[in-house]
Participant: 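Input: one structure, supplied below.
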Amino acid sequence: MDFKFTWQKKFFFIALIFYTLTAYFSVGYFNPDEHYQIIEFSGILDGNNTPQDLPWEYSKQIRSSIQPFLAFLIFKISSFFSISDPYSKALTLRLLSAVVVLLFINNFISEAKKLIRTSNWIVFYFLSYFLWFLPFINVRFSSETWSGLLFLFGITIILKNKKNYYHYLFLGLIFGSSFLFRYQIAFAILGVIFWLIFIRKEKLNKIIIILLGILFTVFLGILLDSWFYGELTIAPYNYFVENIINNKAAEFGVSPWYFYIVLILFYALLPIGILLISSTIIFTYHKKTSLITWAIIPFLIIHSLVSHKEIRFLFPLINFAPIILIVAYEYIIEKKWFIKNKKCLNISLILILLLNVFGLIFANTRAAGEGRAGIVSKIHQLNNRENLNIYVTDDFYPKYLWSLNANFYKEKNAKFINIEKDKYQSIFSTDKNTTNVLILSINDLENEKLKEIQSETNMVIIKKTFPNLLFSLFKKVNLGNKVFVLYANKKAKL
């Protein structure tokens, strides 16, 4: 067989390496639901958890069991290969996400590139793999990521434009699976169904086959949920009642309709955020009859109308960002909007490219979320003695205890001890049976008493929530998130 290592294959190979490294570094979770609603839920199946150990969503039976069940199976396979460390088991979930999403992205690129000019294919490939936030989000074993990647696969199936009935049934099964991972994707699926009816003019019998595929998958989901919860359970209905009728979601925050614009500008880095928003407007205006337009607009409208908003709710759509950016760019060039300022446009694109490289390095070489998981995993590495004392200050939030209060990651011998000003020296015991660590926050670092600990004792810095090169910046620009430093005695470090 004549195998040619084309530039497309090179892109995929580099992406595979990069996503693998991202999965390795991205310890922890972006949002607690990624852990507590999936990994901790899976603990019910292997006996590590009881219903009393789980958050309120379990008793209300509002979460689909498909992802906890999948995590349970993967952990069982991991155990067969003698992988028992919780951080290694969680890594297998992220590696699985990385591989699956790369296959789906590569499949989507092969079809979607037909929608743009050949001269822009290389840029399209690069953005599809390396738009700075994509690797970090795509390796997450979260409901948003997996629902989105299945939805992306469904769009790819439509773009292939095959006409046999098995094709439509398979499409329905994929969309149904996407729904089971995250119910809100239903609005994007509905937009696609309307596109098939009104734009592509599909025959009614084919639409019915798609709907039957969706309903069959949802039915299987109900059976799985009923087994998981121990009684007849229709989790999507329970979710609707609890969060929409009873307005439970609003208890976690209420935001105005335009708040997603603010979130995109903040989280995507301002220049890239502006580019994403403006490109989406241009794309939907220029491509009014596009399948992608009909998919994303209902999703965005409904999410804007719902009072509780989080940036992760938009994650199911993120892999459409590259095609949206390229099509918008082509439209701008076609209209010659920058014909007199082409140099300015090129300079702007170079600066955005450099910003994208910075984002790639920052987001994909550190622990997830606020970086707390990196500190927790480091404590796990240090914990090789009979007793583990974790000293904290008043600025620490002991009621959360980060992921150390989760049974999956819990250090069985750990004890949290609040530091009192007159008992600092007790931290630095060199008892051979005890590992002592100290967690200080950004506020603690300015405390004169605690500064003495750093200068007069044998405690050394082991881990920071942000890389050293950026730590000083985050100390000065603290955007509401806690920045923490982990200390341990020198013997613990060894």
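Computed over heavy atoms, backbone and side chain alike; hydrogens, waters and symmetry mates excluded.
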Participant: Give a yes or no on whether a salt bridge exists between K60 and E57, defined as a side-chain N under 4.0 angstrom from a carboxylate O.
Facilitator: no

Participant: Minimum heavy-atom separation for N48 and N407, please, with both atom names.
Facilitator: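 N48 and N407 have their closest heavy atoms at O-ND2, 3.6 Å.
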
Participant: So H308 and S255, do their side chains get closer than 4.5 Å, heavy atoms only?
Facilitator: no

Participant: Please report the C-alpha distance between E334 and Y329 in whole Å, then the side-chain angles of each, then the deciding distance to 0.1 Å, and finally whether the side-chain hydrogen bond (donor to acceptor under 3.5 Å, both in side chains) criterion is met.
Facilitator: CA-CA 9 Å; E334 178 186 328; Y329 171 77; over 6 Å; no

Participant: Rounded at 0.5 Å granularity, tell me how far CG in L355 sits from CH2 in W132.
Facilitator: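 With rounding to 0.5 Å, CG (L355) is 8.5 Å from CH2 (W132).
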
Participant: Check whether N120 reaches the backbone of V123 with its side chain - one donor and one acceptor, N or O, closer than 3.5 Å.
Facilitator: no

Participant: Please determine which of F75, F41, Y36, Y87 meets the ring-ring contact (aromatic ring centres under 6.0 Å, His included) test together with F408.
Facilitator: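 Single ring-ring contact (aromatic ring centres under 6.0 Å, His included) partner of F408 among F75, F41, Y36, Y87: F75.
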
Participant: On the six-membered ring of Y285, is K288 placed so that its NZ or CZ lies under 6.0 angstrom from the centre and within 45° of the ring axis?
Facilitator: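 Positive - K288 is close enough to the ring of Y285 and near enough to its axis.
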
Participant: What's the separation between atom CD1 in I189 and atom CG in L150, rounded to the nearest 0.5 Å?
Facilitator: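 Taking CD1 in I189 and CG in L150, the distance rounds to 9.5 Å.
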
Participant: With a 4.5 Å cut-off on side-chain heavy atoms, are I234 and P236 touching?
Facilitator: yes

Participant: Going by atom types alone, do S65 and D225 pair a side-chain donor with an acceptor below 3.5 Å?
Facilitator: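 Looking only at side-chain atoms, D225 and S65 do form a donor-acceptor pair, the distance falling under 3.5 Å.
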
Participant: Does any N or O in the side chain of S279 come within less than 3.5 Å of the main-chain N or O of L276, such that one atom is a donor and the other an acceptor?
Facilitator: no

Participant: In terms of the angle between their ring planes, are W294 and F198 parallel, tilted or perpendicular, with boundaries placed at 30° and 60°?
Facilitator: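 If you compare the ring of W294 with that of F198, the planes turn out tilted.
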
Participant: Does E202 pair with K163 as a salt bridge, N-O distance under 4.0 Å?
Facilitator: yes

Participant: Apply side chain to side chain contact (heavy atoms under 4.5 Å, CB included) to residues V99 and L95 and explain how you reach the verdict.
Facilitator: CA-CA 6 Å; V99 172; L95 289 174; 5.6 Å; no

Participant: For W227, does the CH2 atom sit with more than 12 other heavy atoms under 6.0 Å from it, leaving out its own atoms?
Facilitator: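 Enclosed.
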
Participant: Please test F315 against F133 for side chain to side chain contact (heavy atoms under 4.5 Å, CB included), starting from the C-alpha separation and ending with a verdict.
Facilitator: CA-CA 10 Å; F315 287 178; F133 48 80; over 6 Å; no

Participant: Are the side chain of N364 and the backbone N or O of L360 linked by a donor-acceptor pair below 3.5 Å?
Facilitator: yes

Participant: How long is the gap from CG on D46 to OG on S79, to the nearest 0.5 Å?
Facilitator: 8.5 Å

Participant: Just by distance, do the side chain of N164 and the backbone of H167 share a donor-acceptor pair under 3.5 Å?
Facilitator: yes

Participant: Has the side chain of S97 got a donor or acceptor atom that lies under 3.5 Å from a matching backbone atom of L93?
Facilitator: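 Side chain of S97 to backbone of L93: a pair is present.
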
Participant: Go through it in stages, so that I can follow the logic: the residues are W7 and Y125, the test is ring-ring contact (aromatic ring centres under 6.0 Å, His included), and I'd like the CA-CA distance, side-chain angles, deciding distance and then a yes or no.
Facilitator: CA-CA 10 Å; W7 64 265; Y125 270 78; 4.9 Å; yes

Participant: Do the side-chain N and O atoms of Y58 and D53 include a donor-acceptor pair separated by under 3.5 angstrom?
Facilitator: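 Checked: Y58/D53 side chains show no N/O donor-acceptor pair below 3.5 Å.
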
Participant: Using the six-membered ring wherever Trp is involved, compare the ring planes of Y331 and H286 and label them parallel, tilted or perpendicular (cut-offs 30° and 60°).
Facilitator: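 Y331 vs H286 ring planes: tilted.
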
Participant: Against F151, only a single residue in F181, F187, F175, F299 fulfils ring-ring contact (aromatic ring centres under 6.0 Å, His included); can you say which?
Facilitator: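 Testing F151 for a ring-ring contact (aromatic ring centres under 6.0 Å, His included) against F181, F187, F175, F299 leaves exactly one candidate, F175.
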
Participant: Do the side chains of R94 and R140 get nearer than 4.5 Å, heavy atoms only?
Facilitator: yes

Participant: To the closest 0.5 Å, what do you measure between CZ (F320) and OG1 (T293)?
Facilitator: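 Taking CZ in F320 and OG1 in T293, the distance rounds to 11.0 Å.
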
Participant: Nearest 0.5 angstrom please: I193 CD1 to L211 CG, how far?
Facilitator: 5.0 Å

Participant: F136 and S26: side chain to side chain contact (heavy atoms under 4.5 Å, CB included), yes or no, with the steps?
Facilitator: CA-CA 7 Å; F136 171 79; S26 194; 3.4 Å; yes

Participant: Could you check, using the six-membered ring where one of them is a Trp, whether Y129 and F124 have ring centers closer than 6.0 angstrom?
Facilitator: no

Participant: Between the main-chain N or O of F141 and the side-chain N or O of T145, is there a donor-acceptor pair closer than 3.5 Å?
Facilitator: no

Participant: Find out whether Y165 and N205 are in side-chain contact, i.e. whether some heavy atom of one side chain is under 4.5 Å from a heavy atom of the other.
Facilitator: yes

Participant: Could you walk me through whether Q61 and T233 pass the side-chain hydrogen bond (donor to acceptor under 3.5 Å, both in side chains) check?
Facilitator: CA-CA 7 Å; Q61 301 178 0; T233 302; 3.1 Å; yes

Participant: Taking Q67 for the side chain and S142 for the main chain, is one N or O donor matched with an acceptor at less than 3.5 Å?
Facilitator: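 The answer is yes, because a donor-acceptor pair under 3.5 Å joins these two groups.
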
Participant: Check whether N107 reaches the backbone of I157 with its side chain - one donor and one acceptor, N or O, closer than 3.5 Å.
Facilitator: no

Participant: When the ring centroid of F228 is compared with that of F69, is the distance short of 6.0 Å?
Facilitator: no

Participant: With a 4.5 Å limit on heavy-atom distance, are the side chains of R200 and N161 in contact?
Facilitator: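 Sidechains of N161 and R200: in contact.
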
Participant: Taking all non-hydrogen atoms of both residues into account, name the closest pair between L54 and I44 and its distance.
Facilitator: CD1-CG1, 3.3 Å

Participant: So do F283 and I292 actually touch side chain to side chain, heavy atoms under 4.5 Å?
Facilitator: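 The answer is yes, as the side chains (C-beta and beyond) meet within the 4.5 Å cut-off.
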
Participant: Can you measure from CG (L171) to OG1 (T156) and round to the nearest 0.5 angstrom?
Facilitator: 10.5 Å

Participant: Below 30° counts as parallel, above 60° as perpendicular, anything between as tilted: where do the rings of F30 and Y267 land?
Facilitator: perpendicular

Participant: Identify the heavy atoms of V139 and A98 that sit nearest to each other, and give their distance.
Facilitator: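 Closest heavy-atom pair between V139 and A98: CG1-CB, 3.9 Å.
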
Participant: Whether R366 engages the ring of F362 as a cation-pi pair (distance to the six-membered ring centre under 6.0 angstrom, angle to the ring normal within 45°) should be assessed.
Facilitator: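 Output yes; distance and angle both within limits.
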
Participant: Of the options F13, Y24, F130, which is the one that meets F18 in a ring-ring contact (aromatic ring centres under 6.0 Å, His included)?
Facilitator: F130

Participant: Please tell me whether S178 and S147 have a donor and an acceptor in their side chains that are separated by less than 3.5 angstrom.
Facilitator: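 Yes, because at least one side-chain N or O of S178 sits under 3.5 Å from a partner of the opposite role on S147.
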
Participant: Parallel, tilted or perpendicular: which one describes the rings of F104 and F153, with boundaries at 30° and 60°?
Facilitator: parallel

Participant: Counting C-beta onward and ignoring hydrogens, is there a side-chain heavy-atom pair between P322 and L134 closer than 4.5 Å?
Facilitator: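 Yes - at least one pair of side-chain heavy atoms lies under 4.5 Å apart.
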
Participant: Quick one: does T284's side chain get under 4.5 Å of I324's, heavy atoms only?
Facilitator: no

Participant: Evaluate side chain to side chain contact (heavy atoms under 4.5 Å, CB included) for Y183 paired with Y237, printing each intermediate quantity in order.
Facilitator: CA-CA 10 Å; Y183 305 137; Y237 173 77; over 6 Å; no

Participant: Between R63 and D33, does any side-chain N to carboxylate O distance fall below 4.0 Å?
Facilitator: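 Looking at R63 and D33, the cut-off is met.
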
Participant: Any side-chain donor paired with an acceptor under 3.5 Å for E40 and N49?
Facilitator: yes

Participant: Any ion pair linking E242 and K248 (charged N to carboxylate O, less than 4.0 Å)?
Facilitator: no

